[in-house]
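Just the heavy atoms: all of them, side chains too, but no hydrogens, waters or symmetry mates, feed the values below. In what follows, every chain begins at residue 1, and chains take the letters A, B, ... in the order their sequences are listed. Since the model is a prediction, treat every value here as computed from it, not as a measurement.
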There are 4 protein chains.
Amino acid sequence: MNDKKLKIINAAKKSFSHFGYKATTMDQIAKIAQVGKGTIYTYFSSKEEMLKAIIDLFVVEMRDVAESAIPRRQPFIKSFNEVLHTITKFQSEHELMIKLSQEVKEIGTPEVIAAMKSVEDEICEFIEVKIETAIERGELRKCDPKITSFLMFKMYVNLVNDWKERHEPLDKDQIAELINTYFIEGIGMKNEDY
Amino acid sequence: MNDKKLKIINAAKKSFSHFGYKATTMDQIAKIAQVGKGTIYTYFSSKEEMLKAIIDLFVVEMRDVAESAIPRRQPFIKSFNEVLHTITKFQSEHELMIKLSQEVKEIGTPEVIAAMKSVEDEICEFIEVKIETAIERGELRKCDPKITSFLMFKMYVNLVNDWKERHEPLDKDQIAELINTYFIEGIGMKNEDY
Amino acid sequence: MNDKKLKIINAAKKSFSHFGYKATTMDQIAKIAQVGKGTIYTYFSSKEEMLKAIIDLFVVEMRDVAESAIPRRQPFIKSFNEVLHTITKFQSEHELMIKLSQEVKEIGTPEVIAAMKSVEDEICEFIEVKIETAIERGELRKCDPKITSFLMFKMYVNLVNDWKERHEPLDKDQIAELINTYFIEGIGMKNEDY
Amino acid sequence: MNDKKLKIINAAKKSFSHFGYKATTMDQIAKIAQVGKGTIYTYFSSKEEMLKAIIDLFVVEMRDVAESAIPRRQPFIKSFNEVLHTITKFQSEHELMIKLSQEVKEIGTPEVIAAMKSVEDEICEFIEVKIETAIERGELRKCDPKITSFLMFKMYVNLVNDWKERHEPLDKDQIAELINTYFIEGIGMKNEDY
DNA sequence: CATGAATGAGGTTTCATTCAT
DNA sequence: AATGAATGAAACCTCATTCAT
């Protein structure tokens, strides 16, 4: 990856992040990247191609991390936390992707939408497999692995991104603790509580 | 509320919903509403004013429903479901508001953003009070009511909106059942399970 | 002339006077005239027709006054002053016509331009005839009557309208005196001055 | 000053001159200047800014010329002619400025109007000083220098611009001769004429 | 007749993309 | 390869005119 191309991609991410896709102009990106506007077209044939490139890059990075973070034979909760902690590194990129996925649904071609969705699907499927294994091992009660993984992932995203828009941000350990509290234990009264 | 004005608002909602704010053109709205482009400007002085009007309308409707749906002395889970079931009526509008809140952050004035956030806050606060009461009554285990209400609301939204983008949509009862399963009971193994 | 029609004409004159032809909207005219916008079209088929009607009306009024003011056998200067004094009554209308003649040149059809010009031409021709007679009678030195009448009329307009935009307005007698001073006597040194 | 920018300014002048400010479209200007419509916005942020730029440019040019044309110790009439002859270079621009000043009153900001007026004031004041000197030297009879300079300037403008709208245009010498005839000598009968 | 909501042609402005340097 | 001036399609908005009431 060329140095100029990288500067452009980072500038685009920053501006998409701040203003969104449609509201970001090529002029802004060029100014932030400190290159001429025309230079962008040396590396990307259009604004949309640039968006796709950013998304694809994110998917690839995501996959690498997810794979490298695959934990071995461990209780479910522990490996789940490890994966999510790793994902935390991508917190801000994640945020951007969520924003773009909202916006791109409106603009983008079906391929882009599919690419966007694949990011979340990737993670969800990884969690899904973990949950299935955990159920088989008797670490978790019976439940629909698809829905469960989907909801777990969403709760993670909610805690990392949406919560901090309203209140003090939560740190990694707090988030892991909360997911465990609500999801695994439940807050309903248990027999043992009496 | 005038008939033409209503047609325009609905057309705008539909188009914003599908394409987003920036990607929706006045021509599109006019075509969907089956009115002339100029007619829109009879009722709204600009595209942004139309957006604000739609948001304000939503805030008002939301408040009415929330207030009218206040259930009386009932076990927490039941009244919680009632409120959410009522909210379900606004499912699609809700979706639109979430989308716009993402996009409007970039365009809108702070007042609009505040108004947007107030919708979710309204609901979260309502749930929060319910949870506090439930904890006092011993219906729920001790937990942070703020975080809990936030996560419950988010899970509801995730199940209603995000899930159906990937899989078969879930009906009201399924959603209530799932929230109960994951949140209240938890999926971790309990002593009693053995 | 109908009452409503008169109200509309006066409203149009007022607004044209203040904002000019192009910058005056039919809405403004309707609001000032306190009639519905559609009512204007009961009396005038278009904005341009309304302009023409106002101009024509002015031409007619102008002619009436000019004719009624025709002075009989008198020294030129005296009858000239009489005519101009009469014209002074139309000062504000005059002002409007000058403004419109500037603007309409750009917008209007040739017919309108012709109509506009006819106002000034009317007056100039009247003065022209007076000057010719005065020359024949030996009241004035030989000079081109066309240019002279044109310049006299212009000087009158300049003194009535343009001067007051910069300084204190001049009254009728001052204006008559000035035209006499500059035009008839001249300010160059004469033999007799020595 | 850039070549393209100059072409645009000249095209705008031509079109403003012919059709006026409001009736001139950006498309027309672009077509006359043989540039794309967007190119105009590379040099001027809006139509109104373009108008202001043209006016400012005119004010500057006017001042330069007025200053450079200051004639030395000469009989009044001669130096007056020199100044006016110099101004003749700006004949068409002048015409445009007068037209715009009429129209801009409705549109423009007070600063623009002030700038516009300053052009004429500049010239009038210059003439005023000349007249005062001439009176002191006994070259002219006693008269109000302010009114006299104003009327002389106006007569010049009338002869250069307004006359040619109705009849054959007059050349420099004819104009100088006419101003002299009417203003300095007067057309009233003098004793010596008998 | 009187009205003003409805209309759409036409205006100003934005911005992704091209291309000569 | 790098640039940014130039471009025009397409966006938002205005307003003279029409027409159902």
Side-chain angles (χ1 to χ4, degrees), chain A residues 2-5 7-8 21-31 33-51 107, chain B residues 2-5 7-8 22-31 33-50, chain C residues 2-5 8 21-31 33-51, chain D residues 2-5 7-8 22-31 33-50:
Chain A
N2 184 312
D3 174 54
K4 279 249 167 73
K5 189 172 182 180
K7 275 171 79 177
I8 292 168
Y21 174 75
K22 279 223 89 168
T24 290
T25 66
M26 296 306 252
D27 268 313
Q28 275 173 46
I29 295 173
K31 184 168 276 181
Q34 288 177 302
V35 299
K37 198 181 357 177
T39 309
I40 297 172
Y41 288 87
T42 310
Y43 298 104
F44 305 98
S45 62
S46 74
K47 195 183 177 187
E48 196 171 334
E49 285 305 317
M50 189 166 61
L51 176 66
I107 303 155
Chain B
N2 185 310
D3 173 55
K4 278 263 164 64
K5 188 171 182 180
K7 274 171 79 177
I8 291 168
K22 284 218 89 167
T24 290
T25 69
M26 296 309 248
D27 269 315
Q28 273 173 46
I29 295 173
K31 187 166 277 181
Q34 288 178 300
V35 299
K37 199 183 353 179
T39 308
I40 298 172
Y41 289 89
T42 310
Y43 297 104
F44 306 97
S45 61
S46 72
K47 195 183 175 187
E48 196 171 336
E49 285 306 316
M50 188 166 63
Chain C
N2 184 311
D3 174 54
K4 279 250 168 74
K5 189 172 180 180
I8 291 168
Y21 175 76
K22 278 224 92 168
T24 290
T25 66
M26 297 305 252
D27 268 312
Q28 274 173 46
I29 295 172
K31 185 168 276 180
Q34 288 178 301
V35 299
K37 199 183 352 179
T39 309
I40 298 173
Y41 287 87
T42 309
Y43 297 105
F44 305 98
S45 62
S46 74
K47 196 185 177 185
E48 196 172 332
E49 284 306 317
M50 188 165 62
L51 176 66
Chain D
N2 184 311
D3 174 54
K4 277 262 163 65
K5 189 172 182 180
K7 274 171 80 177
I8 291 168
K22 285 216 87 167
T24 290
T25 69
M26 297 308 249
D27 268 316
Q28 274 173 43
I29 295 174
K31 187 166 278 180
Q34 288 178 300
V35 300
K37 200 180 355 179
T39 308
I40 298 172
Y41 288 88
T42 311
Y43 296 104
F44 306 97
S45 61
S46 73
K47 196 182 174 186
E48 196 171 335
E49 284 307 317
M50 189 166 63

Inset, instruction - Rounded to the nearest angstrom, tell me the gap between atom NZ in K31(B) and atom C1' in dG8(E). - result: 13 Å
Inset, instruction - Report the distance from atom CG of D3(B) to atom C1' of dA6(E), rounded to the nearest whole Å. - result: 13 Å
Inset, instruction - Specify the separation, in whole Å, of atom CD of E48(B) and atom C1' of dA11(F). - result: 15 Å
Inset, instruction - Kindly compute the distance separating NZ (K22(C)) from OG1 (T24(C)), expressed to the nearest 0.5 Å. - result: 12.0 Å
Inset, instruction - Find which nucleotide of DNA chain E each of V35(C) and D27(D) is nearest to by heavy atoms, and output the residue with the more 5' nucleotide. - result: V35(C)
Inset, instruction - Give the stems involving DNA chain E, where a stem is 3 or more consecutive Watson-Crick or G-U wobble pairs (i with j, i+1 with j-1, and so on) under 3.5 Å. - result: E:2-21 with F:2-21
Inset, instruction - Locate the shortest heavy-atom distance separating K4(A) from Y43(A); write the atom from each residue and the value. - result: CB-OH, 3.7 Å
Inset, instruction - Calculate, to the nearest 0.5 Å, the distance between atoms CD1 and CE belonging to I40(C) and M26(C) respectively. - result: 5.0 Å
Inset, instruction - Give the rounded distance in Å between these two atoms: CD of Q28(A) and P of dT14(E). - result: 13 Å
Inset, instruction - Grab the CE-C1' distance between M26(A) and dT3(F) for me, whole Å please. - result: 14 Å
Legend entry - NZ or CZ of K47(A) within 45° of Y21(A) ring axis and under 6.0 Å: yes
Legend entry - Shortest non-hydrogen contact from A23(A) toward Q28(A): O-NE2, 3.7 Å
Legend entry - Residue pair A33(C) / I8(C): nearest heavy atoms and the distance that separates them: CB-CA, 3.9 Å
Inset, instruction - Decide yes or no for I29(C) and M50(C): does some side-chain heavy atom of the first lie under 4.5 Å from some side-chain heavy atom of the second? - result: yes
Inset, instruction - Please round to the nearest 0.5 Å and tell me the distance separating atom OG1 of T25(A) and atom NZ of K37(A). - result: 8.0 Å
Legend entry - Distance below 4.0 Å between K47(C) side-chain N/O and dT17(F) OP1 or OP2: no
Legend entry - Nearest-angstrom distance from the residue atom CD1 of I29(C) to C1' of dT3(E): 16 Å
Inset, instruction - Please name the pair of heavy atoms, one in S45(A) and one in E49(A), separated by the smallest distance, quoted to 0.1 Å. - result: OG-CG, 3.0 Å
Inset, instruction - Can you tell me the distance, in whole Å, between the CE atom of M50(C) and the P atom of dA16(F)? - result: 9 Å
Inset, instruction - Take the protein atom CD of Q34(C) and the nucleotide atom C1' of dA2(E), then report the distance between them rounded to whole Å. - result: 15 Å
Inset, instruction - Check DNA chain E against residues 36-46 of chain B and give the residues with a non-hydrogen atom under 4.0 Å, in numerical order. - result: G36(B), K37(B), G38(B), T39(B), T42(B), Y43(B)
